[in-house]
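Quick notes on the structure that follows.
The model shown is predicted, which means the values in this text are computed figures rather than measured ones. All chains are named by letter (A, B, ...) in the order of the sequence lines, taking the proteins before the strands, and each is independently numbered beginning at 1.
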2 protein chains.
Amino acid sequence: MSNDFRNLRKVKLFTELPTTALQLMYDSARPVQMEAGCFFFHQNERAEMMYVLLDGQVKMTLLGPEGRQVLIRIVAPCEDFGAVSAIVGSDYPLTAEAVTRCRTLAWEQKDIMRIIDSYPMLRETAFQIAVKRFRQLQKRFRELATESAEQRIARALLRLSNQAGLPKTEGMLIDLALSRGDLAEMTGTSLYTVSRTLSQWERDGLLKNGRGKVLIRDCAQLITLATPPENPPFN
Amino acid sequence: MSNDFRNLRKVKLFTELPTTALQLMYDSARPVQMEAGCFFFHQNERAEMMYVLLDGQVKMTLLGPEGRQVLIRIVAPCEDFGAVSAIVGSDYPLTAEAVTRCRTLAWEQKDIMRIIDSYPMLRETAFQIAVKRFRQLQKRFRELATESAEQRIARALLRLSNQAGLPKTEGMLIDLALSRGDLAEMTGTSLYTVSRTLSQWERDGLLKNGRGKVLIRDCAQLITLATPPENPPFN
DNA sequence: CGCCCTATTTGCGCTGGCGCAAAGACAACG
DNA sequence: CGTTGTCTTTGCGCCAGCGCAAATAGGGCG
């Protein structure tokens, strides 16, 4: 449906593009569906495709040799993934897995390159997006290195709520089919610590837990928890 | 001295540049010196300059609100810093501090932009450098989230030795004026843990410690330590 | 050569967070 | 509407790593 075309406008990578170019993109796109649990690509594979998520959720993870994996990024609808890799022509650094059933639009690298030749600003925008994500990761790195598990979990919830929260009368609903384990991989903690922490917060009336979802009742309080324990009360 | 010009060739950002362009860069550069402990720039300042380090050492750190800082990157001679920020025209995400007395070449943003207009590949190269650093940080993020302090410290030493190690007859010397505290900020541990770990390794004959320096005797052993405790002995 | 300042080491006690294991809660499916 | 598999919670014990405090060791400078 042409609703998809309209959604392309919302993709940050494309916002600067003139309509003719967007039409060109749309025409050369290939719809790709993926069942929950399936993989768009794996890390270290050559980046031959870029994707825009229309519907569903994708998680991007990094595995180490024999080490547990970490969750670097959650992709929400109208976001691109694999684009930076395809544009610079490298390997995918991460693995992209469908968390739920997904609808996407996909482009082959050579088609993108052709379009970029006509609209170089596309590469420019990709650069800026990459830099922005880079900086977000730097911040998360600092948090991981210096803050407590509780703070990191609070921050993760806030980010998720910001990225994909659904406003409800009782609060902000995060319904991302994210297990406790996923949250642990985002925050560099363990499944158990996440569970205990969320349970505690539920007892405090801060939020309401569900399987794979969280309803945030008191956002302000959560922000307080995410913030360092306040500068020393000076004495 | 024109030795500086020759060194520009070694800067990854410039390797693809034709000699005429390199000459142009050199001519519009301004030499900047900095004493140990002084700052080239602070995070969140507008990026008005980019630098190439000729001599000395620079460390780039990220501070959190009231949180301890982390050390994201060590800059060795013939590396650029602040370049990505200046080229995309954003703020500096990090603070750059001279660890030792430093000699650099510096460019104003507007001059860079002018040269980029003539040699767009410069922006392209900057893009690729940014992506590369992004990926290195992703790896470090995974390590920080999933590996032990000992492993992370071993890895940090290996990286440093790789980046700026001086081969000696007795082993690889890392002489970067890096304190135990700096190592701790690189690895997300504490000064005490770094000290204890290095002392232990010295007792094991793995390396030799000095003030602000480390001499690696047994690199292979260090690699073993950096690698996960080997897959379960299968049973 | 000796003093002083700063970096480093190390003993000690403490605790945040891990991870097993078992019990409990959901959702899906037949 | 019960069964089954998966996700989640929680009690419990444990230990890696933190951080204070005090001792020690260099290096640089007068």
- Item | Between dC14(C) (C1') and Tyr192(B) (OH): distance, integer Å | 15 Å
- Residue pair Glu150(A)/Leu178(B) against DNA chain C: nearer the 5' end by closest nucleotide is Leu178(B)
- Query: Of all the nucleotides listed (dT10(C), dT9(C), dT8(D)), which has the minimum atom distance to the side chain of Asn209(B)?
  - Reply: dT9(C)
- Could you state the atom-to-atom distance from CD of Gln200(A) to P of dG17(C) in whole Å? 13 Å
- Take the protein atom CD of Glu147(B) and the nucleotide atom P of dG17(D), then report the distance between them rounded to whole Å. 12 Å
- Among dT8(C), dT10(C), dT8(D), the one nearest any side-chain atom of Arg180(B) is dT8(C)
- Let me see the working for Arg73(A) and Glu79(A) under salt bridge (Lys or Arg N to Asp or Glu O under 4.0 Å), right down to the final yes or no. CA-CA 11 Å; Arg73(A) 180 182 165 209; Glu79(A) 291 184 356; 3.4 Å; yes
- Nearest-angstrom distance from the residue atom CD1 of Ile153(B) to P of dT8(C): 13 Å
- Item | Contact nearer the 5' end of DNA chain C, comparing Ser148(A) with Glu202(B) | Glu202(B)
- May I ask you to say what Gly212(B) touches in the nucleic acid, namely base, sugar-phosphate or nothing, with a heavy-atom cut-off under 4.0 Å? sugar-phosphate
- Within this structure, what is the CG-to-P distance between Leu144(A) and dG17(C), rounded to whole angstrom? 12 Å
- For Arg9(A), look at atom CZ and say whether over 12 heavy atoms of other residues, nucleotides or ligands are found less than 6.0 Å away. yes
- Message: Side chain of Ala149(A) only, heavy atoms from C-beta on: which candidate in dC20(C), dG17(C), dT9(C) is closest?
- Response: dG17(C)
- Task: For Leu198(B), answer base if it contacts any base atom (sugar-phosphate contacts may also be present), sugar-phosphate if it contacts only those atoms, and nothing otherwise; contact means non-hydrogen atoms under 4.0 Å.
- Result: nothing
- Query: Roughly, in whole Å, what's the span from NZ in Lys213(B) to P in dA7(C)?
  - Reply: 15 Å
- Looking only at side chains, do Ser179(A) and Arg211(A) share a donor and an acceptor under 3.5 Å apart? no
- Message: Counting the atoms with a prime plus P, OP1 and OP2 as sugar-phosphate, which does Arg152(A) contact under 4.0 Å by heavy atoms, base, sugar-phosphate, or nothing?
- Response: nothing
- Query: For Leu166(A), does its backbone N or O pair with a side-chain atom of Asp175(A) as donor and acceptor, under 3.5 Å?
  - Reply: no
- Taken to the nearest whole Å, CG/Leu176(B) to C1'/dA7(C) is 17 Å
- Task: From the options dC12(D), dT9(C), dC7(D), select the nucleotide whose nearest atom is closest to the side chain of Arg211(A).
- Result: dC7(D)
- Message: Expressed as a whole number of angstroms, how long is the span from Arg203(A):CZ to dT9(D):P?
- Response: 10 Å
- Message: It should be established whether Ser199(A) places a side-chain nitrogen or oxygen under 4.0 Å from OP1 or OP2 of nucleotide dT10(D).
- Response: yes
- Query: With a 3.5 Å cut-off and just heavy-atom distances, do the side chain of Arg196(A) and the base of dG16(C) make a donor-acceptor pair?
  - Reply: no
- Message: Would you say that Val75(A) contacts Gln57(A) through its side chain, given a criterion of any heavy-atom pair below 4.5 Å between the two side chains?
- Response: no
- Choosing from dT8(C), dG19(D), dA21(C), which nucleotide comes nearest the side chain of Ser190(B)? dG19(D)
